Amino acid sequence: MSNIDNDRKEEQARVESLTGLIINRIETLREKTGGIRGEIVDIRRDFWDDVTVNFEDSAESAETFASMKQQAELLSERERSHRHMKEQLATLERLKTSPYFGRIDLIDEADPDAKPDVIYLGVGSLLDDSGEEYLIYDWRAPVSSVYYDYGPGPVAYETPAGTIRGEMTLKRQYMIRNGQIRSMFDTGVTIGDELLQEVLGKGSDAVMKTIVATIQQEQNAIIRNERAKLLIVQGAAGSGKTSAALQRVAYLLYRYRGVLSADQIVLFSPNPMFNSYVSTVLPELGEQNMNQTTYQQYLEHRIGRDFTLEDPFTQMEYSLTGMSEKNYEARMDGIRLKSRAEFMERIDEYVSTLGESGLVFKSIVFRGRKLISGKAMAEKFYEMDHTVTIPNRLRSLSLWLLKELTGLAKLEQKKKWVDEAIELLDNESYAQAYQELSGKKRFTEQSYDDFDSERNYLAAKVVQEKFKKLRRSVKRGKFLNVPAIYKLFYQSAGTIQGHSNVSDQWELIREITLEQLLEGTIPYEDATPYAYLKEKLEGFHTHTTVRHLFIDEAQDYSEFQYRYLKRLFPNSKFTLLGDFNQSIFAHSGTGEVFHTLSMLFDQGESERITLYRSYRSTRQIVEFASRIIQDGERIEPFNRNGTEPTLTQAASKEDLPASIAERLRMLEKAGYESIAIICKTAAEAKQISEQLAPIYAGLRLIEKETVTFEKGNVIIPSYLAKGVEFDSVIISDASEEAYSRESERKLFYTACTRAMHELHLYYAGELTPFLQK
């Protein structure tokens, strides 16, 4: 083992040398980039001056084409060079202040007597001036995996050429800031606690940071997994699931450069605010962001025009506050029923009956008149071969409708309204008509008084323009009345009656669902079944180009939703990140949903990694929160000490705002820049916000519509706080009145685990039973 004190001076000299090299390259690249940018501007400006344009004959046209092609290729090459240099500049800028964070010395098994190869790891690669030797290796390079997976001793790592074996003689970590080594230490298998302490001891930020310097062995297994088609990551709150997933995206883009692009990766996140929170991780690593959306946004894209779609947070608010409302238990039962795979089977059975009868079509109406009735469409549809699938029959029906519209358009040209429309045409339209008719040699200039020809031509133009919308609607399949078909599913009393696993309250569930559908609103629990029915009828809109699908807060998805997503992304590998101790939605179940999902993949294609160690919170907060949930003792806190969580009882509910405001002042005085008051519901968050406004300024109320996560002090509902973290957390109401139902235990746990450094709980009356023990 090398002597740290003796090596420090030499290591600092190396950092300074590299920093100087990087700064020189940045200056050189900036000059070159500026020059190329100027060339691009000149080429674009002078493009047509430098092209010989002559179309007199075929030879001249060919020469013109060749000249244009040459200029376009020159411009494209200059733009590619400019892009490449910009990427190099971005990498050098990232390396400038902190060139690397780790070092490993390796002896290749094939040459055990040779001197060790000294390998330095950073957020990007750096070659020497010859372009042959690596001064710094990218953290994603094959050899870099040794740093995360091994300590000194025998090692092995995979490369495109095969497995390389050898011995690690040294593993060293650095904290380099602004070109100065602040700390340097040799370590064993895991990334040393010193570096983690420094990173985790900092305050939270408005955006998630990269963790490449502190990736743990179990996280590295997630990041570099290339085998599994379904990778399930079950991890405790604060175990680094999401961070590892984002580094995984960066690794995949590096590993499959030129084959995989960012737009072939999709992340489903829990809410729009979370997208803002993780938006900078990949750009910090020199990669483009993948496509990010929420499941709700995807559903709105597919069915938003058919119904007003309830969002999951409105459903959550109802489940937390609607206990006294009529039919509450029936709706809760319905939410659970509609989340199961069995309900998908009932939709499948319903669709099979629609192949024989029952489809509803919208009449094509023009100027208040039915051109083609829905009844005529139904007759035409059911005349077709019943062995042909519904989507294929609908495509045939679409072609028939377009042909019918062509005939009807000719009849429409004779109507009086067409003459009125022609009279309102401008001179330009008449001139265009004359030119086109002349070109077609329908008449000569001497016969231009042939008003019949002119009128027929203009009438056709007018009607064609008016029929465009009808034809476009037919091509998009809008003639099928899917909302009415879905309502019929609930209007048929015996649709799923008699099946096993059907709720005893099916009749009531059916009635309250139908009532909402008839009002034009679709409950969130019906959104996926409806979207599935729509796809089954119209044909699945599959995303075949997407290669990787990442789902965060995966425990909040139902069996039905997973089966639906598997159909939509047939060529994707799935990476699911979840914690069943944070299952807060009414349809959330146990790990069985992941077991069901794994059955959708072939045997051996699924892998599961469990993360037990929690890094976000201090040891005291982790130990406190782990007592709330079952099997919480399995969660391992990272050994970072802090203050014990506090429980404060107020004399009455009216006294709570003043107590909370006093705590806010204390925390702000202690230097915390990110403090969250976490309330159970949105209604409570709004009430607390109004109560605190006169006595404490500067609090931002987070609502479901909030799309950006900003650093500062906030009031936030518990279910919107998932996935993010704060320096300090205040639970505004930890009373029995707020949290007493077993279904709220995991919600309470989720709220408590948002705190990094301090956790303070307030209540009036009796304390929640989750803490009484």
Side-chain angles (χ1 to χ4, degrees), residues 55 300-309 359-384 390-485 520 534-535 537-539 541:
F55 295 104
E300 285 177 345
H301 169 70
R302 288 296 297 128
I303 66 177
R305 294 180 181 178
D306 298 346
F307 288 103
T308 299
L309 176 58
L359 284 183
V360 183
F361 296 92
K362 298 176 189 174
S363 299
I364 295 177
V365 177
F366 182 70
R367 297 179 63 85
R369 293 179 287 111
K370 279 186 186 179
L371 292 182
I372 307 173
S373 70
K375 183 180 178 182
M377 291 183 210
E379 289 173 356
K380 185 69 179 177
F381 179 87
Y382 286 112
E383 284 174 5
M384 298 178 194
I390 291 176
N392 284 336
R393 278 191 271 171
L394 287 174
R395 278 188 276 274
S396 296
L397 182 63
S398 175
L399 294 174
W400 176 77
L401 289 170
L402 291 172
K403 189 175 179 181
E404 289 294 300
L405 284 176
T406 300
L408 290 166
K410 290 179 181 176
L411 294 175
E412 199 68 25
Q413 293 171 23
K414 301 172 183 177
K415 298 286 174 66
K416 184 178 178 182
W417 73 266
V418 177
D419 290 313
E420 293 170 355
I422 290 172
E423 289 177 13
L424 296 174
L425 291 174
D426 54 26
N427 292 332
E428 187 179 340
S429 299
Y430 280 98
Q432 185 182 359
Y434 169 73
Q435 288 174 357
E436 291 197 22
L437 288 170
S438 297
K440 292 177 182 178
K441 298 181 180 179
R442 290 187 180 177
F443 56 89
T444 62
E445 288 190 34
Q446 286 76 16
S447 64
Y448 189 60
D449 289 337
D450 185 353
F451 289 107
D452 286 341
S453 297
E454 180 187 354
R455 190 268 174 200
N456 291 341
Y457 175 82
L458 291 172
K461 281 284 187 184
V462 167
V463 174
Q464 184 183 26
E465 186 62 33
K466 295 293 183 183
F467 266 45
K468 263 185 186 178
K469 188 176 179 182
L470 298 180
R471 297 179 70 85
R472 187 164 57 243
S473 180
V474 167
K475 287 176 182 178
R476 291 177 180 175
K478 301 298 181 185
F479 53 87
L480 185 67
N481 195 340
V482 186
I485 296 166
K534 192 177 175 77
E535 302 277 3
L537 295 175
E538 297 176 352
H541 294 69

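Hydrogens, waters and symmetry mates are skipped; everything else that's a heavy atom, side chains included, is used. Only a predicted model underlies this, so the values are computations on that prediction, with no experimental measurement involved.
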Can you give the donor-acceptor pairs under 3.5 Å from side chains of residues 367-382 to other protein atoms, not counting sequence neighbours?
{"unit_1": "Arg369", "atom_1": "NH2", "unit_2": "Glu412", "atom_2": "OE1", "d": "3.2"}
{"unit_1": "Arg369", "atom_1": "NH2", "unit_2": "Glu412", "atom_2": "OE2", "d": "2.4"}
{"unit_1": "Ser373", "atom_1": "OG", "unit_2": "Ala376", "atom_2": "N", "d": "3.0"}
{"unit_1": "Tyr382", "atom_1": "OH", "unit_2": "Leu354", "atom_2": "O", "d": "2.7"}
{"unit_1": "Tyr382", "atom_1": "OH", "unit_2": "Gly358", "atom_2": "N", "d": "3.2"}
{"unit_1": "Tyr382", "atom_1": "OH", "unit_2": "Leu359", "atom_2": "N", "d": "3.0"}

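Counting heavy-atom neighbours within 6.0 Å of Lys362 NZ, excluding the residue itself, gives a total above 12. The neighbour count for Lys410 NZ, taken as heavy atoms of other residues, nucleotides or ligands under 6.0 Å away, does not exceed 12.
For the pair Val462 and Phe467, the minimum side-chain heavy-atom distance is 4.5 Å or more. By the 4.5 Å heavy-atom criterion applied to side chains, Asp306 and Lys534 are counted as neighbours. The shortest side-chain heavy-atom distance between Trp417 and Lys466 falls under the 4.5 Å cut-off. Proximity of Met384 to Ser396: side-chain heavy atoms (C-beta onward) are separated by under 4.5 Å at one or more points.
Annotation for Phe307 and Pro483: closest pair CZ-CB, 3.6 Å, computed over non-hydrogen atoms. Residues Leu480 and Val360 share a closest heavy-atom pair of CD1-O, 3.7 Å.
For Phe479 and Trp400, the gap between ring centers reaches or exceeds 6.0 Å.
Here the straight-line distance linking atom CG of Leu309 with atom CZ of Arg302 works out to 13.0 Å at 0.5 Å rounding. Considering NE2 of His541 and NE2 of His301, their distance stands at 8.0 Å, rounded to 0.5 Å. One finds the CG atom of Leu397 at 12.5 Å from the CG atom of Asn392 (value rounded to the nearest 0.5 Å). Note that CG of Leu394 and CG of Leu399 are 11.5 Å apart. Values are rounded to the nearest 0.5 Å. A distance of 8.5 Å separates CG in Asn456 from CD1 in Ile422, rounded to the nearest 0.5 Å. Going from atom CZ of Phe361 over to atom NZ of Lys478 covers 15.0 Å, rounded to the nearest 0.5 Å.
Applying the side chain to side chain contact (heavy atoms under 4.5 Å, CB included) criterion to Leu402, with sequence neighbours excluded, gives Ser398, Arg471, Val474, Lys475.
Gln413 places no side-chain N or O within donor-acceptor distance of the main-chain N or O of Val418, the cut-off being under 3.5 Å.
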